[in-house]
Amino acid sequence: MNRSRLSKPLLHLLKPQTPKSKSPVFLLSHHLCTNPGSNLKPNPNQPPQDDDSLITQVLQLLQPNEKDWNFDQLHNLLFSNSTSPSPRSLFHITCSLGASSKAIKFFDYVSENAGRSPPGSTALLSSAFQAVLEITLREPNSETKLYDLYKMAKERNVRLNFNAAALLVRSLGMAGMEDEALIVFNELPGLKNTHLCNVVIGMLLKMGRVDDALKVLDEMLHPEAKFRVDEFTCDIVIGSLLRRREQTGRSVSEEEIVDLVSKFGKQGVFPNSPLLTKLITVLCRNKKINRAWDVLHDVMKMGGAVDASPFNALLTALGRCSDFMRMSELMAKMEEMGIKPNVITFGILINCLCKSRRIDAALEVFEKMSGVVGVSAKPDVIIYNTLINGLCKVGRQEEGLRLMEKMRSQGGCAPNTVTYNCLIDGFNKVGDFERGRELFDKMKEEGIPLNVVTLNTLLDGLCRHGRLNTALEFFNEMQRDGLKGNAVTYTILITSFCNVNNISKALELFDQMLSTECSTDATVYHCLISGLSQAGRMEDASFVVSKLKEAGFSLDIVSYNVMINGFCSKNKLDKVHEMIEEMESAGVKPDSVTYNVLLSYLSKAGDFKNAHKVLSRMMNEGINPTVVTFGTLIHAHCLDGNTDKAMKIFRDMGSNAKIPPNTVIYNDLINSLCKKNDVEQALSLMDDMKDKGVRPNTATFNAMFKGLRENNLLEIAFQFMDRMVEQACNPDYITMEILTEWLSAAGETEKLSKFVQGYLVSVDRQKDGIIGYR
DNA sequence: CTAGGGTTAG
């Protein structure tokens with residue numbers, strides 16, 4: 001039925017070929033012409049065939065330069081008494097003129113002459129004007145001329161058709177002339193329709209004029225509006241408002257967007273699935289899960305069609321905050337609405353269960369997804385990898401390995417780099433390098449490409465087991481093979497070298513990282529700063545801080561704490577103040593660790609007055625003391641020799657602050673009490689630990705042994721030695737020093753040797769024999 | 001879906 005589309009090629013054939021019309025650009029631009037306003041009905045009195053011959057004849061006349069046009073002949077063809085061109089043919093003629101100057105001249109001619117033959121003249125002029133606009137727009141930098149053309153049309157009472165109006169509004173907007181675009185739009189009283197409003201709204205939103213756009217939208221949403229919103233309106237509005245959030249200009253709150261969605265919904269118009277999903281994702285990212293929940297449910301309640309993806313978005317967010325209750329509620333809702341979960345939905349559930357270490361539940365879901373009729377979604381490589389990783393993370397790497405075989409044989413799914421990375425990491429983490437290495441070789445054998453994660457996994461495994469030099473060699477080897485390290489690679493190596501106090505190697509690696517154009521991130525800087533601060537290398541740490549800032553990163557609260565602590569231990573109080581000031585101006589709020597560090601410094605120096613000031617400041621800031629805060633105070637009073645005060649704080653923390661003391665605190669007190677020769681109270685603390693379920697460690701026993709030795713309480717010492725054996729608490733060199741001296745002097749070397757071999761030493765328990773074997 | 005992270009009390 002679209003005659004004009006059919007007739008276009010025909011037109012080209014019929015037309016005399018001029019050099020210009022042969023150019024591909026011309027053909028293309030001709031093709032770009034829209035048809036004159038779709039509101040125009042074909043004139044039944046003028047069959048298109050006649051149109052085409054008319055067009056051909058007119059174009060022939062218009063071939064020469066404008067000034068050579070023969071107006072008499074033109075008039076004969078177009079406006080003689082018997083004939084009148086169709087709007088469509090005028091549009092084509094004007095469009096085919098190629099240059100805007102010609103088109104305007106022709107339009108001038110038509111507007112002067114068509115007026116004499118109403119009533120069709122309005123439509124005629126509209127079409128011709130539309131063609132003028134289109135021609136003009138094809139010429140470079142022509143946007144500014146548009147508004148002048150519009151004014152000209154207005155002076156001559158040329159009515160704009162829909163296409164011309166839309167084109168004008170959109171083009172003016174794109175040229176940054178939104179005001180002019182709005183004027184045009186507002187001066188089109190009888191011509192507005194949904195499409196045109198959509199164009200204007202889209203244009204305004206693109207230019208950041210949110211409120212103007214919403215005003216237009218408001219009119220459309222009015223109950224008595226002549227033209228309602230449609231799905232395009234919804235698309236344009238919600239889509240660009242969501243996109244706008246990352247741009248400058250008036251930001252629109254999610255609340256407003258949610259509100260608009262519900263207004264659209266009342267008109268029976270809903271955002272499409274990707275858009276709804278995006279909205280839900282944005283809401284969830286901004287911690288408004290409840291709003292996201294409501295939006296999804298509201299859309300369904302109002303009758304919008306919803307598929308799995310917005311559900312998936314919401315499920316992901318709920319999974320992140322481990323809200324399993326609402327996850328299953330949502331799954332139930334899906335079922336109720338007859339919406340089939342897809343692979344992604346299952347992936348989210350399985351991932352979620354794996355992350356909360358509920359692997360068996362995850363495996364159950366996995367069984368279900370292929371088993372139950374109607375919900376079958378074939379597990380893909382991601383599902384398998386998630387499960388394999390989950391198994392490895394809880395030490396079930398053997399099962400992970402079996403699942404990989406199953407995915408190959410039964411799942412028809414080939415393992416990939418990620419699959420192997422997960423398994424290698426799994427075996428490495430439990431110290432089974434052999435298997436890790438085997439998998440690595442197998443991976444190469446099967447031609448599965450290694451990536452930087454593979455490299456980092458292997459490096460991490462080596463480093464964790466103290467094989468730093470092997471790790472370095474391996475890294476160099478891989479680099480020679482063309483596999484580059486990234487920020488994670490350097491983080492692993494740098495932290496490992498810091499941990500063994502090989503600071504120069506750590507710094508060397510840092511230099512290497514900066515000199516290769518390797519990716520960096522804040523973490524690698526943070527780790528090095530931490531390592532250097534702990535090593536007391538504050539100048540180096542400060543240097544790395546400056547490098548971090550140069551790279552565009554900033555210090556976070558932990559790094560500030562690390563630095564403050566470092567400067568405290570070096571007694572550089574001015575630097576401590578400097579850091580605190582910098583931290584405040586950077587808007588990083590001190591946390592309990594910051595206060596603990598300061599508290600520790602002050603009270604260790606015996607400055608309890610200022611320590612208490614810091615403590616009350618901490619409370620005023622609404623930061624609750626932690627177990628470390630109490631530990632710090634207790635430690636300070638112990639150092640001060642004031643064990644009573646320390647014990648008072650200890651009792652206080654249990655009863656008032658309701659913070660259970662930990663091993664460190666017990667150790668401190670036991671140590672202090674024993675030094676004061678108050679073994680009785682120390683022993684009662686040992687009982688207290690047992691009651692409260694706080695596990696003593698080697699240091700606890702060491703402190704206790706010292707106190708017992710002073711009072712020669714051998715039998716009690718034997719009991720504690722048994723406790724150590726039972727609890728697999730290994731003696732260290734301090735334990736051995738104390739016991740060796742004491743027990744040899746007491747003639748009990750045999751017991752010591754039993755203890756060392758992991759046997760119980762108390763006489764009456766000896767019969768239990770093997771039970772005590774370590 | 002896979003790899004790395006640092007702080008305070010002993």
Side-chain angles (χ1 to χ4, degrees), chain A residues 344 347-348 350-351 354-355 379-390 392-393 415-426 428-429 450-461 463-464 485-496 498-499 521-534 541 555-566 568-569 590-601 603-604 625-639 646 661-672 697-700 702-703:
Chain A
I344 312 261
I348 294 164
I350 288 174
N351 185 31
C354 286
K355 285 276 139 61
D380 59 8
V381 65
I382 295 188
I383 301 273
Y384 279 106
N385 288 347
T386 309
L387 285 165
I388 290 171
N389 184 46
C392 287
K393 282 278 158 8
N416 61 14
T417 310
V418 175
T419 321
Y420 274 100
N421 288 348
C422 295
L423 284 166
I424 292 173
D425 190 49
N428 272 356
K429 284 267 154 65
L450 317 179
N451 64 14
V452 68
V453 179
T454 323
L455 167 68
N456 293 343
T457 304
L458 291 163
L459 289 181
D460 184 58
C463 287
R464 269 174 207 273
N486 63 10
V488 177
T489 318
Y490 285 98
T491 305
I492 294 167
L493 295 173
I494 287 174
T495 347
S496 303
C498 282
N499 284 339
D521 61 13
T523 299
V524 64
Y525 287 91
H526 292 164
C527 291
L528 182 54
I529 290 165
S530 168
L532 292 169
S533 298
Q534 275 185 300
L555 291 177
D556 63 358
I557 180 63
V558 178
S559 300
Y560 277 115
N561 290 343
V562 159
M563 295 283 291
I564 291 171
N565 184 49
C568 278
S569 14
D591 65 0
S592 63
V593 176
T594 323
Y595 285 103
N596 290 344
V597 167
L598 295 173
L599 217 48
S600 163
Y601 173 76
S603 52
K604 239 185 241 167
T626 65
V627 65
V628 178
T629 316
F630 285 103
T632 306
L633 292 172
I634 288 170
H635 181 66
H637 285 294
C638 285
L639 277 183
N662 61 14
T663 308
V664 173
I665 289 175
Y666 278 105
N667 289 358
D668 223 353
L669 287 167
I670 289 170
N671 193 31
S672 198
N697 59 20
T698 310
T700 323
N702 290 349

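Chain identifiers are assigned alphabetically (A, B, ...) following the order of the sequence lines, protein sequences preceding nucleic acid strands; residue numbering begins at 1 within each chain.
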(request) Measure the shortest side-chain to side-chain distance between Asn697(A) and Thr700(A) over non-hydrogen atoms and say whether it is less than 4.5 angstrom. (result) yes
(message) How would you summarise protein contacts on nucleotides 2-9 of chain B per nucleotide, using B for base, S for sugar-phosphate only and - for none, with heavy-atom distances below 4.0 Å?
(response) BBBBBBBB
(request) State whether a side-chain donor-acceptor pair under 3.5 Å links Asn561(A) with Asp591(A). (result) yes
(request) Classify the side-chain pair Asn421(A)/Asn451(A) by whether it contains a donor and acceptor separated by less than 3.5 Å. (result) yes
(message) Quick one, Arg464(A) with Lys429(A), criterion side chain to side chain contact (heavy atoms under 4.5 Å, CB included). Give me CA distance, side-chain angles, the key distance, then yes/no.
(response) CA-CA 8 Å; Arg464(A) 269 174 207 273; Lys429(A) 284 267 154 65; 3.6 Å; yes
(request) Answer with base, sugar-phosphate or nothing: what part of the nucleic acid does Asn697(A) contact at a heavy-atom distance below 4.0 Å? (result) base
(request) Find out whether Val452(A) and Val488(A) are in side-chain contact, i.e. whether some heavy atom of one side chain is under 4.5 Å from a heavy atom of the other. (result) no
